[in-house]
Every structure is written in structure tokens, then in C-alpha cells.
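What you see is a predicted model, and the numbers here were worked out from it, not measured in a lab.
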Amino acid sequence: HKGEAMGLFWDLIQQSQISEQQSRATNLEDRVARLEAELTRTKQSIVDLLKILEKHFGEDINKDGEIG
């Protein structure tokens, strides 16, 4: 579980670095599309991380009635 969490943190860091490089785009529509895609990936990473934390601690952290 610890390795999975660290992997997700590393993915978030890499996404941030990629986003910084791509934010120099000249076309506003392209920038918005990339930001929306990044937001979607970030939200999914948070959900994945929450599931890992729930399994690790054995608690229903997000109160959805399930662990993991």
C-alpha cells in the first residue's frame, strides 16, 4: 500500500511539472483543454489515493459505506 501511495504522489508531481511546461501554449483553448484533462487526472488520483488509504487504515474515510 505504501508503494502505491508513493506512486500516486509521484504521478501528481510529474503531472504538475508537465502542466507547467504545457502552460506556455499560445492558444487559450488548448490551455483550457489541457487544464481540464489535468483536473480530471488529479481528481482520479485523489480517489485512487483515498482508496489506498482506506485499505491501509481499514476505515471508511470518505463515508461512502465502503472501505477501499
Side-chain angles (χ1 to χ4, degrees):
H1 293 107
K2 184 178 180 181
E4 293 177 61
M6 292 306 294
L8 283 172
F9 282 127
W10 180 246
D11 288 346
L12 288 171
I13 290 169
Q14 287 181 317
Q15 287 177 17
S16 175
Q17 291 170 343
I18 290 169
S19 176
E20 288 172 14
Q21 293 170 358
Q22 292 176 339
S23 69
R24 297 185 180 102
T26 57
N27 184 323
L28 183 58
E29 287 182 15
D30 289 344
R31 288 179 68 183
V32 169
R34 274 196 286 275
L35 287 170
E36 288 174 339
E38 181 182 339
L39 178 60
T40 298
R41 286 190 306 271
T42 301
K43 286 180 177 180
Q44 186 58 54
S45 293
I46 290 170
V47 169
D48 293 343
L49 180 58
L50 182 60
K51 289 178 182 180
I52 291 168
L53 291 172
E54 284 188 341
K55 287 179 185 176
H56 178 75
F57 291 107
E59 296 180 24
D60 181 14
I61 297 171
N62 66 354
K63 308 296 183 208
D64 68 351
E66 298 179 17
I67 294 176

Can you check side-chain contact (heavy atoms from CB on, under 4.5 Å) on E36 and V32, steps first, answer last? CA-CA 6 Å; E36 288 174 339; V32 169; 3.8 Å; yes

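- Residues passing the side chain to side chain donor-acceptor pair (under 3.5 Å) test with E59: none are found, sequence neighbours excluded.
- Residues F57 and L49 share a single hydrophobic cluster, defined by chaining ILVMFWY side chains whose heavy atoms lie under 4.5 Å apart.
- In this structure, CG on L53 lies 11.5 Å from NZ on K55, to the nearest 0.5 angstrom.
- We find the CZ-CD distance between R31 and E38 to be 12.0 Å, quoted to the nearest 0.5 Å.
- Residues satisfying the side chain to side chain contact (heavy atoms under 4.5 Å, CB included) criterion with I46, sequence neighbours excluded, are T42.
- The distance from atom NZ of K51 to atom CD of E54, rounded to the nearest 0.5 Å, is 9.0 Å.
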